[in-house]
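Structure first, commentary second.
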Number of protein chains: 2
Amino acid sequence: MSVTIKDIAKAADVSLATVSRVLNGSGYVKETTREKVHDAIKQLHYTPSAIARSLSTNKTNTIGVIIPDINNPFFGEVIKGITQVADEHQLNIILCDTDDCKEKELKAIKLLREQRIEGILMTPTYGEEAHDSAYMSTLDNLGIPVILMDGHVKYANYSGVFIDHVQGAYDGVEALIHAGHEKIAIINGRLDSRPAKERFLGYKKALNKYAIPLHEQYIFNGEYDHERAYTMTKKILLLEDRPTAIFVSNNLSMLGCVKALNEQSLSIPDDMAILGFDKVDALNIIGMNISFINGPTTLMGKTGMNMLIESLEKQKDVHMRELKQITLLPELHLKGSEKKSV
Amino acid sequence: MSVTIKDIAKAADVSLATVSRVLNGSGYVKETTREKVHDAIKQLHYTPSAIARSLSTNKTNTIGVIIPDINNPFFGEVIKGITQVADEHQLNIILCDTDDCKEKELKAIKLLREQRIEGILMTPTYGEEAHDSAYMSTLDNLGIPVILMDGHVKYANYSGVFIDHVQGAYDGVEALIHAGHEKIAIINGRLDSRPAKERFLGYKKALNKYAIPLHEQYIFNGEYDHERAYTMTKKILLLEDRPTAIFVSNNLSMLGCVKALNEQSLSIPDDMAILGFDKVDALNIIGMNISFINGPTTLMGKTGMNMLIESLEKQKDVHMRELKQITLLPELHLKGSEKKSV
DNA sequence: CTGAAAGCGCTAACAA
DNA sequence: TTGTTAGCGCTTTCAG
């Protein structure tokens, strides 16, 4: 079917081994021979088969990346970071989107194993209850390096890059407090997800630090999506002792919150101060000036990829599993919306 | 290194062929034998090697997807459509992001060829000037089916799914006209890209149909990004004979335009009617009610994938290249912003 | 500097 | 119903 190294050998009147040598730049090849081979390659439109090469060398130079949702700009940026480093190291990546669904995640892992990828970089499905023993067992028996990116896998310690959601949330809420807020509501995700749990913790720590009591009616845990955030915001606006600020702990939720405020023509921050976690580019660009805590997305991707490359190399030397965890600090971007109206 | 079919054969005390048979469900295998083999597979945590299988069968069941920017939600949706169909047909996909850069695109094609993918689904780099003869030649010599998705490759006819930007723009602008607008500005991309050219054409056709003269000062062609759109919008707002509506022909541009309007506290549509091409989810959700023409993204992905699968099958039968082009119509979503203030 | 040949893990005739 | 064997395209000793 397609042209092979054999055809090239024939055309250039050399042996297979010689063609292979010029292809890989390995071993000695006379200059004129090299040229003959190159000519044949051009002539015949030859492209080496990564498949055959992989089988022969037992290396694929490919790593698997598993993330919950490509369409979330957060992960879009993470991917940019990953591919950047991968490109520099001539590593191919196979990208798998799990739709935040455990079954798809397991399927992806299976696929990647079949493809004989050399390592995995992943953000596991968020819900921790999803991590049963079968799940953990596949992860443990992978036999290749796994680097986590900001996800949480119950009962296990894996190497990875993590974001300090606690500190991020703390810093943000503290900024609200410094600006004079005391009645601060929170719209949060499910507490069995690491990010939601930690962000909530940061919120509580900040309030606690400044001796502000926690009001149950200001706390809204749920799912990270805009519909719920919309409903929650409307409830918040109806509270008797209405908060002066809302900490919206997720980018998707932010949209629902802003929608609710818009509907009642409440302006940010004059009628309600808003602090977000993870940025919403569109809202920033159009000038809504919502203050937000921003996870280091691209950096996380780069760091994760570098860690993976490192453990790929280590793997050769010794036969041990090393645990390494790097924590990245989110940045606080104050855009004026943390302020309290005067 | 990793466990192979041979280990399984040994463990189950059968031949390689038998293991292969139970793996593929091909040929006859006695029930008890099958079980023995399955047991061995479980025991040894065996995962078949797609690499070896591909080499042997000369099939990879993998197709390449090349798009300019994963982070653009437009393509995010396209990808969802593609993967959905691919999943149904058990096809793997290798996703390549070109950053809208010709070099990366060529590199991606090379990579995919090496991986022996069976077909390509792509949105080529937009700028047509990028399509020189070398580029065209690699595309032509691919030897596998290529399906285009809404891109334009100069001087060549490829099969693909296309969006009728002309009609989409026409419908949208017509809606503005019906609502009473005559002074309609356009913020557009580079005219050497197919979408920009066609959207511009639709704009002109609509004006022409209703005998509205074209005003040069209302026409802003440039690049599809929010900074330029911002600048353009500010210029539009300074025009002596200020338009009453703006057709913003791209989702990125929309952000810059809205920013400029916000800065001057101009409300949509009372102070300025706005029509967009391609939706901006965030703005919709928060309730900005911008009217827009929406390209059928997911549908395009699905259709493209289906076309590719079809030509993959056809390829076996006869040895001919069939040209097939499907055009999808964008939908007009009127959200009130097409109206003229009273 | 170059060639011959074994082998990577699997499939697919062909025999048995 | 099962086993034997010849490749798939390439790399890599080991000889020459």
Side-chain angles (χ1 to χ4, degrees), chain A residues 1-38 40-41 44-62 92 111-118 143, chain B residues 1-38 40-41 44-62 92 110-118 143-144:
Chain A
M1 151 137 197
S2 99
V3 23
T4 78
I5 209 177
K6 202 169 163 185
D7 302 313
I8 304 297
K10 200 171 295 173
D13 195 34
V14 295
S15 73
L16 303 187
T18 303
V19 179
S20 180
R21 283 192 197 97
V22 345
L23 244 32
N24 302 297
S26 61
Y28 299 86
V29 182
K30 209 202 301 174
E31 192 48 36
T32 57
T33 318
R34 183 187 309 283
E35 277 166 16
K36 267 198 304 183
V37 173
H38 274 138
I41 289 176
L44 302 176
H45 290 294
Y46 170 72
T47 309
S49 159
I51 311 269
R53 177 177 295 165
S54 292
L55 185 62
S56 182
T57 58
N58 197 26
K59 285 182 62 22
T60 55
N61 293 319
T62 302
N92 305 321
L111 169 78
L112 293 174
R113 283 197 5 130
E114 291 184 353
Q115 301 293 338
R116 295 294 188 264
I117 46 114
E118 297 175 3
Chain B
M1 153 142 197
S2 99
V3 24
T4 76
I5 209 177
K6 203 168 160 186
D7 302 313
I8 304 298
K10 199 171 297 173
D13 194 34
V14 294
S15 72
L16 302 186
T18 303
V19 179
S20 179
R21 282 192 197 97
V22 346
L23 244 31
N24 302 296
S26 61
Y28 299 86
V29 182
K30 211 203 300 176
E31 191 49 35
T32 59
T33 318
R34 184 189 308 284
E35 276 167 16
K36 268 197 302 182
V37 172
H38 273 139
I41 289 177
L44 303 176
H45 290 295
Y46 170 72
T47 311
S49 160
I51 311 271
R53 176 177 296 165
S54 293
L55 185 61
S56 182
T57 58
N58 197 26
K59 284 182 63 20
T60 55
N61 293 320
T62 302
N92 304 320
K110 183 164 166 254
L111 169 78
L112 293 174
R113 283 197 6 130
E114 291 183 352
Q115 300 293 340
R116 296 295 188 260
I117 46 115
E118 297 175 4
I144 52 174

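Chain naming here is simple, since letters A, B, ... match the order of the sequence lines and numbering starts at 1 in each.
- Rounded to whole angstrom, the span from the NZ atom of A:Lys59 across to the P atom of D:dC10 amounts to 18 Å.
- For the atom pair CD1 of A:Ile5 and NZ of A:Lys10, the computed distance is 13.0 Å after rounding to the nearest 0.5 Å.
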For nucleotides 11-15 of chain D, give me every protein contact, N/O to N/O, under 3.5 Å, one pair per line with atom names.
from   : atom 1 : to      : atom 2 : distance (Å)
D:dT11 : OP1    : A:Asn24 : OD1    : 3.2
D:dT11 : OP1    : A:Asn24 : ND2    : 3.3
D:dT11 : OP1    : A:Arg53 : NE     : 2.8
D:dT11 : OP1    : A:Arg53 : NH2    : 3.3
D:dT11 : OP2    : A:Ser20 : OG     : 2.8
D:dT11 : O4'    : A:Ser56 : OG     : 2.7

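- Residue B:Glu31 is the one, among B:Glu31 and A:Leu55, whose nearest nucleotide of DNA chain D lies closer to the 5' end (criterion: closest heavy atom).
- Atom-to-atom, CD1 of B:Ile51 to P of C:dG7 comes out at 21 Å; the value is rounded to the nearest Å.
- Put simply, NZ on B:Lys6 is 16 Å from P on D:dG3, counting in whole angstrom units.
- Regarding B:Lys10, its NZ atom lies at a distance of 15 Å from the P atom of D:dG3, rounded to whole Å.
- Between A:Thr62 and A:Gln115 there is no side-chain heavy-atom pair separated by less than 4.5 Å.
- Taking the side-chain hydrogen bond (donor to acceptor under 3.5 Å, both in side chains) definition, one finds that B:Thr57 meets it with nothing, sequence neighbours left out.
- Closest non-hydrogen pair, B:Ala52 versus A:Leu55, comes out as CB-CD1, 3.9 Å.
- Regarding B:Gln115, its CD atom lies at a distance of 16 Å from the P atom of D:dG9, rounded to whole Å.
- The distance between atom OH of A:Tyr28 and atom C1' of C:dG3, rounded to the nearest whole Å, is 18 Å.
- Nearest heavy atom pair, residue B:Ile144 against residue B:Glu118, reads CB-O, 3.6 Å.
- Taking every heavy atom of both residues into account, A:Arg116 and B:Pro48 meet most closely at NH1-O, 3.3 Å.
- For the helix from C:dC1-D:dG16 to C:dA16-D:dT1, the axis fitted to the five pairs at one end and the axis fitted to the five pairs at the other end meet at an angle of 40° (nearest 10 degrees).
- Taking all atoms of both residues into account, the shortest heavy-atom contact from B:Thr60 to B:Asn92 is O-ND2, 4.2 Å.
- If you take CG of B:Asn58 and C1' of C:dG9, they are 16 Å apart, rounded to a whole angstrom.
- The residue A:Thr33 sits close only to the backbone: its heavy atoms come under 4.0 Å of sugar-phosphate atoms, none of a base.
- Summarising the geometry, the separation between CG on B:Leu44 and P on C:dG9 is reported as 14 Å, rounded to the nearest angstrom.
- Shown here for B:Val29 and B:Arg34, the closest heavy-atom pair between the two residues is O-NH2, 3.6 Å.
- The shortest heavy-atom contact between A:Leu44 and A:Val3 is O-CG1, 3.4 Å.
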